[in-house]
Amino acid sequence: MHKMQKDLQQPSREILEAAGFILSGGIGAVPTETVYGLASDALNPSAARKIFEAKGRPFIDPLIVHVIDIEMAEKVAVFDGDSRRLAEKFWPGPFTMVLPRREIIDDIVTAGLDTVAVRMPSHPVMRSLIAASGRPLVAPSANPFGYVSPTTAAHVREQLGGKIDFILDGGPCECGVESTILLTTSSPKKLLRPGPISPDQIEEALGEAIDRSPKKNEAHPQAPGMLNSHYSPKSRLKLFKNESEIPADFKGEVIFVKRPANPLKNHYWLSESGDLREAAHNLFALLRSLDKVSVNGMYCQIPKKEGIGLALFDRLSRAETKMQS
Ligand code: TXA
Ligand code: MG
């Protein structure tokens, strides 16, 4: 149970206070089913600006607009038959669509693009905050730009505590990785970020194939929405397929997807049984805690590239940096 889970009709005092901050142009952290977001009123450009400043995020990286229902979604973006079908199938939930934008959304939110990213979250705390403020909310992950996303309120407090107006604590986030992002304005539609909703699920709902691995950074390396250098922990991280790739004298931490049969002292695992959803739920929290103590760097096993494993692999690849041997 989420600590703050409440009937939408009766928001708690914390939610009402947070909504007060939102309506007066403030910013604050809020749990979602994916990761914690740093929220502000999507219709207030100066509040959105504060989010970029608090995160140290470049203004060319556009934000996701979070909505409570399809009516609110239609006020910020233009839907067609396909996008309505996808919304019906995957909303509320960890799925974001990049759609043609409407005038009401300011350039600062979309980095000047003619599209806007929209998501209808399922987390009760995020939903009550949208309902209580009566506004769509922009919410990037509540981490300093370039660091892994927070999956607990404590993660947010540690890094952004002094810089934001409120932190709503809803316990650890269920998914643990950010939403799937689909570009709906291209043909075929493109997977911009793998996440909890898999390409197979999207194709099944659409009845047509999508581009699963669009080439990033080729034509316009600095194009808005196409930044690649995300999610890095400070410590060095290297991926491995077989344990034999790890040097025999390696003294750092080794992360496995599944608990090894005979774990050593420097062995960690993302899931007892090797379940990929559980692994995704635990990934960022484990990287954060090891990042605090790691001296010799970390190795992490490459997960199976299926379902949410695609999202795990994507985040791990972005976090990987060269080991100095
Ligand atoms: O799960 C999530 O999506 C979380 C929670 C808080 O909702 N939010 C999140 O936001 O991950 P953020 O800002 O960390 O990541 C949003 C990504 C960025 O990489 C951005 O470039 C891309 O979405 N994006 C936003 N608008 C876009 C657009 N119009 N076209 C292409 N990419 C876009
Ligand atoms: Mg982010």
Side-chain angles (χ1 to χ4, degrees), residues 34-36 55-58 61 140-152 154-161 172-173 175-178 193-195 213 216-217 221 227-306 308-325:
T34 56
V35 299
Y36 275 72
K55 278 180 63 82
R57 177 174 174 124
D61 198 5
S141 50
N143 50 283
F145 183 72
Y147 201 71
V148 292
S149 296
T151 55
T152 68
H155 294 164
V156 181
R157 208 170 291 121
E158 270 172 30
Q159 293 187 307
L160 297 178
C173 300
C175 301
V177 290
E178 305 85 348
R193 181 172 74 185
S213 46
K216 285 177 195 158
N217 299 359
L227 296 184
N228 217 351
S229 59
H230 268 105
Y231 311 111
S232 307
K234 290 197 258 336
S235 317
R236 293 157 293 154
L237 176 81
K238 200 165 165 59
L239 305 188
F240 71 92
K241 205 163 165 207
N242 300 306
E243 231 184 309
S244 60
E245 296 162 38
I246 303 173
D249 61 350
F250 179 67
K251 300 236 164 29
E253 295 77 22
V254 183
I255 304 170
F256 293 86
V257 176
K258 180 182 173 193
R259 184 185 198 277
N262 299 300
L264 302 177
K265 244 180 68 189
N266 63 336
H267 286 179
Y268 298 82
W269 49 94
L270 295 168
S271 159
E272 281 291 317
S273 64
D275 177 76
L276 291 177
R277 295 217 160 252
E278 192 184 342
H281 172 80
N282 291 325
L283 176 70
F284 288 157
L286 184 62
L287 284 179
R288 272 178 188 261
S289 63
L290 295 183
D291 202 21
K292 283 188 185 154
V293 296
S294 185
V295 176
N296 297 302
M298 313 175 232
Y299 266 94
C300 184
Q301 188 177 28
I302 294 174
K304 248 202 204 139
K305 292 174 209 163
E306 59 180 41
I308 202 167
L310 291 167
L312 274 170
F313 178 63
D314 172 73
R315 306 309 188 270
L316 283 167
S317 308
R318 290 163 189 257
E320 183 177 28
T321 49
K322 290 269 170 301
M323 284 285 273
Q324 297 148 11
S325 51

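What you see is a predicted model; the values in this text were computed from it and never measured.
- Note that CG of Leu290 is 9.5 Å distant from SG of Cys300, once rounded to the nearest 0.5 Å.
- Within the 4.5 Å cutoff, the side chain of Arg288 has heavy atoms near those of the Pro150 side chain.
- Ser271 and Ala279 make their closest contact through CB-N, 4.1 Å (heavy atoms, listed as atom of the first residue, atom of the second, distance).
- Taken to the nearest 0.5 Å, the CG atom of Leu316 stands 7.5 Å off from the CD1 atom of Ile255.
- Between Asp314 atom CG and Ile308 atom CD1 the span is 11.5 Å, to the nearest 0.5 Å.
- Between Gln159 and Tyr147 the shortest side-chain heavy-atom distance falls below 4.5 Å.
- Atom CZ in Arg318 sits 11.5 Å away from atom CZ in Phe313 (nearest 0.5 Å).
- Contacts classified as salt bridge (Lys or Arg N to Asp or Glu O under 4.0 Å) and involving residues 243-254 (residues at least two apart or in different chains) are not found.
- When all heavy atoms of Leu237 and Ala319 are compared, the closest pair comes out as CD2-CB, 3.7 Å.
- Evaluation of the salt bridge (Lys or Arg N to Asp or Glu O under 4.0 Å) test over residues 257-280, restricted to residues two or more places apart or in two chains, returns Arg259-Glu272.
- Within the 4.5 Å cutoff, the side chain of Asp291 has heavy atoms near those of the Met298 side chain.
- When all heavy atoms of Phe145 and Gly56 are compared, the closest pair comes out as CB-O, 3.3 Å.
- Formation of a donor-acceptor pair under 3.5 Å by the Arg315 side chain with backbone atoms of Glu178 is found in this model.
- In this structure, Asn296 CG and Asn266 CG are separated by 10.0 Å, a value rounded to the nearest 0.5 Å.
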>> Using side-chain contact (heavy atoms from CB on, under 4.5 Å), reason through Lys55 and Ser141 one step at a time and then give a plain yes or no.
In response: CA-CA 9 Å; Lys55 278 180 63 82; Ser141 50; 3.8 Å; yes

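- Ser294 places none of its side-chain heavy atoms less than 4.5 Å from the side chain of Arg236.
- For the pair Leu276 and Val257, the minimum side-chain heavy-atom distance is below 4.5 Å.
- Rounded to the nearest 0.5 Å, atoms CZ (Phe284) and CG (Leu287) are 7.5 Å apart.
- Taking every heavy atom of both residues into account, Leu160 and Ala142 meet most closely at CD1-O, 3.3 Å.
- Counting only residues at least two apart or on different chains, the ring-ring contact (aromatic ring centres under 6.0 Å, His included) pairs with a member in residues 260-281 are Phe256-His267.
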